[in-house]
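Please read the structure below before turning to the comments.
Every chain is numbered from 1 and lettered A, B, ... according to where its sequence line falls, protein lines coming before strand lines. Since this is a predicted model, take the numbers as computed values, not measurements.
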Number of protein chains: 2
Amino acid sequence: MTRPSDITRDRIMRAAERLFAERGYDHTSIRAIVAKARVNQAAINYHFDGKDGLYREVLRSAFRALTEGQTSHAAEIKALSRERALAEFVRYQLRGLLQRDELTRPIRIFNWETVRPTAVFRELLSQEVAPFMGLATDIISRFMPAADQRTLTLAAIWLVGQCGVFVRNRERLAGPPMSLQLDEAAIEQLAELVSGWAIAGLGSHA
Amino acid sequence: MTRPSDITRDRIMRAAERLFAERGYDHTSIRAIVAKARVNQAAINYHFDGKDGLYREVLRSAFRALTEGQTSHAAEIKALSRERALAEFVRYQLRGLLQRDELTRPIRIFNWETVRPTAVFRELLSQEVAPFMGLATDIISRFMPAADQRTLTLAAIWLVGQCGVFVRNRERLAGPPMSLQLDEAAIEQLAELVSGWAIAGLGSHA
DNA sequence: GCCAAATTCAAACGAGGGTTTGAAAAAAGG
DNA sequence: CCTTTTTTCAAACCCTCGTTTGAATTTGGC
């Protein structure tokens with residue numbers, strides 16, 4: 001693991017993860033990556049077989065970081081009452097609003113993919129989207145036990161959407177003209193508001 | 001208006017609007033635009049002072065198309081009961097799911113801007129975002145008359161978010177593994193579901 | 001019909017992108 | 001230690017991009 005070549009590989013991964021999260025795939029040049037990682041330009045092709053290969057690795061790593069956290073909490077969430085489970089889910093989604101970069105970087109990378117999915121991403125998505133949406137659908141189904149599959153799916157998307165809009169527009173909401181304060185306490189309040197609205201909305205169908 | 005030079009200008013605008021909507025700013029080359037418009041490459045610099053200038057014009061046109069439709073309906077929406085107003089708002093937002101390109105093209109252009117706002121867009125946004133969010137906030141305030149400004153703003157974003165997630169992911173939702181049917185009838189159903197959930201959610205605070 | 005202005009055109013420019021190359025350096029194995 | 005393999009390196013290659021150029025053509029007012 002500490003072989004010299006692995007050190008180079010690791011430096012590239014760290015730099016690439018930061019830059020891809022910050023600027024997205026297109027606006028990140030391999031020259032910028034190697035400058036930040038302080039390695040030779042050809043090293044990316046040597047270790048990752050090109051920019052696409054590097055991005056694939058970064059995406060995989062981001063997927064792991066996200067779903068790992070998600071599934072580890074999934075079990076305890078399922079043990080809660082449906083209301084508290086949904087509230088916890090919302091809070092978990094909204095954690096992307098925090099500036100703690102270790103957590104938000106994977107989220108930001110996926111945000112780029114929301115609008116322009118790269119080919120690399122589509123490939124990964126088909127394998128990994130199931131557990132990602134599965135938890136949401138599971139929670140929803142406890143509010144709408146009689147609903148058909150289509151409605152459950154739509155409701156799950158609906159739930160994810162009302163959280164994601166805040167995460168995706170974080171920077172814009174923080175600035176004028178909205179100027180929303182988004183510290184830890186404010187996010188907690190927001191999570192309560194959103195989960196309250198969502199629970200009441202779904203409750204009408206119970 | 002039918003001067004020869006205006007014809008060239010118009011052909012460029014049409015082609016650019018289509019391509020920007022389809023691929024976004026970065027992935028649309030002026031060579032692709034002039035090929036589709038069947039004009040000379042230098043014409044873009046002559047008529048629009050470069051790619052940025054052309055994009056600015058396309059954005060302006062898209063803004064006009066969207067807010068014009070929005071504000072024209074805003075008046076009649078405000079005359080409705082709060083529940084019907086919200087339902088109408090949701091239906092209006094979800095019209096982006098339709099494949100009728102005259103309507104969806106401006107929406108798609110703005111979708112690109114959601115994740116990576118261009119400098120051109122930021123400039124326009126500061127002038128025009130107010131009426132865009134104003135209607136949402138107005139409807140919301142009828143459900144939460146006692147709420148503070150911050151809560152109203154958050155609720156407006158929340159409302160827009162739960163509509164936008166469907167529009168933004170339309171193509172992905174239509175394909176596997178979701179494979180959601182999204183014809184006119186299905187969208188109508190979806191609008192009813194979403195507005196029903198939203199109304200019930202906000203109703204809890206009334 | 002003429003002339004000045006506006007418009008079109010083909011070609012080239014320069015910057016920036018990802019990738020390739022082939023030799024030099026370092027690491028690993030016997 | 002010597003050999004073989006792995007890894008690094010600077011340089012160049014080739015492509016696409018937005019823009020510029022300067023001449024040719026068309027347009028519009030007199």
Side-chain angles (χ1 to χ4, degrees), chain A residues 1-59 109 112-113 116-123, chain B residues 1-59 109 112-113 116-123:
Chain A
M1 203 1 161
T2 49
R3 273 167 44 217
S5 71
D6 284 336
I7 291 176
T8 299
R9 208 188 131 94
D10 194 55
R11 285 157 70 127
I12 294 173
M13 278 290 282
R14 287 175 189 274
E17 190 194 12
R18 279 176 167 74
L19 289 174
F20 281 138
E22 198 174 313
R23 313 179 191 175
Y25 180 86
D26 289 323
H27 288 77
T28 302
S29 69
I30 66 166
R31 282 175 173 83
I33 296 173
V34 299
K36 195 177 190 71
R38 288 190 300 191
V39 300
N40 186 269
Q41 194 173 158
I44 287 182
N45 284 281
Y46 181 79
H47 286 280
F48 297 95
D49 196 35
K51 187 186 180 184
D52 275 24
L54 171 59
Y55 188 62
R56 176 175 290 109
E57 282 311 303
V58 171
L59 269 187
I109 290 177
W112 298 115
E113 298 288 349
R116 169 170 280 286
T118 60
V120 176
F121 182 74
R122 286 183 197 272
E123 180 191 319
Chain B
M1 205 359 164
T2 50
R3 275 167 42 216
S5 70
D6 285 335
I7 292 176
T8 299
R9 208 188 130 94
D10 194 54
R11 285 156 70 123
I12 294 174
M13 277 290 281
R14 288 175 190 274
E17 191 194 12
R18 279 176 166 72
L19 289 173
F20 281 138
E22 198 175 313
R23 313 179 190 174
Y25 180 85
D26 290 322
H27 286 78
T28 301
S29 68
I30 66 165
R31 282 174 173 83
I33 295 173
V34 300
K36 195 176 190 72
R38 287 188 303 191
V39 300
N40 185 270
Q41 193 173 155
I44 287 183
N45 284 281
Y46 181 78
H47 286 281
F48 298 93
D49 194 36
K51 186 186 179 183
D52 276 24
L54 171 58
Y55 187 62
R56 176 175 290 109
E57 281 312 303
V58 171
L59 269 187
I109 291 177
W112 298 116
E113 298 287 349
R116 170 172 278 288
T118 60
V120 176
F121 182 74
R122 286 182 196 273
E123 182 190 319

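Taking atom CZ on R38(B) and atom P on dA10(C), their separation rounds to 14 Å, with Å as the unit. Taking atom OH on Y25(A) and atom C1' on dG17(C), their separation rounds to 11 Å, with Å as the unit. Rounded to an integer number of Å, the gap from I7(B) CD1 to dT27(D) C1' is 13 Å. Nucleotide dT19(C) holds its P atom 13 Å from the CD1 atom of I12(A), rounded to whole Å. Straight-line distance from the CZ atom of R11(B) to the C1' atom of dC9(C): 14 Å, rounded to whole Å. Following rounding to the nearest Å, D6(B) (CG) and dA6(C) (P) show an atom-to-atom distance of 14 Å.
Residues meeting the side chain to side chain contact (heavy atoms under 4.5 Å, CB included) test with A32(A), sequence neighbours left out: L19(A), R23(A), S29(A). Looking at residues two or more places apart in sequence or on another chain, you find a salt bridge (Lys or Arg N to Asp or Glu O under 4.0 Å) between R56(B) and E123(B). For F48(B), there are no ring-ring contact (aromatic ring centres under 6.0 Å, His included) partners at least two apart in sequence or on another chain. Under the side chain to side chain contact (heavy atoms under 4.5 Å, CB included) criterion, R14(A) pairs with D10(A), R18(A), sequence neighbours left out.
By the 4.5 Å heavy-atom criterion applied to side chains, I109(B) and Y55(B) are counted as neighbours. Between L54(A) and I33(A), the closest side-chain pair of non-hydrogen atoms falls below 4.5 Å.
Side-chain N/O atoms of T8(A) include one lying less than 4.0 angstrom from OP1 or OP2 on dT8(D).
Residue pairs meeting the side chain to side chain donor-acceptor pair (under 3.5 Å) criterion with at least one member in residues 35-50 of chain B, sequence neighbours excluded, do not occur.
Within the 3.5 Å criterion, the main-chain N or O of F20(A) finds a donor-acceptor partner in the side chain of W112(A).
For residues 40-54 of chain B, proximity to DNA chain D is found at Q41(B), A42(B), N45(B), G50(B), K51(B), defined as any non-hydrogen atom under 4.0 angstrom from a strand atom. For residues 28-35 of chain B, proximity to DNA chain D is found at T28(B), S29(B), I30(B), R31(B), defined as any non-hydrogen atom under 4.0 angstrom from a strand atom.
Atoms CZ and CD1, from R31(A) and I44(A) in turn, are 10.5 Å apart once rounded to the nearest 0.5 Å.
When all heavy atoms of D52(B) and V120(B) are compared, the pair lying nearest together is O-CG2, 4.1 Å.
Summary for the helix from dG1(C)-dC30(D) to dG30(C)-dC1(D): the axes at its two ends, each from 5 pairs, differ by 10° when rounded to the nearest 10 degrees.
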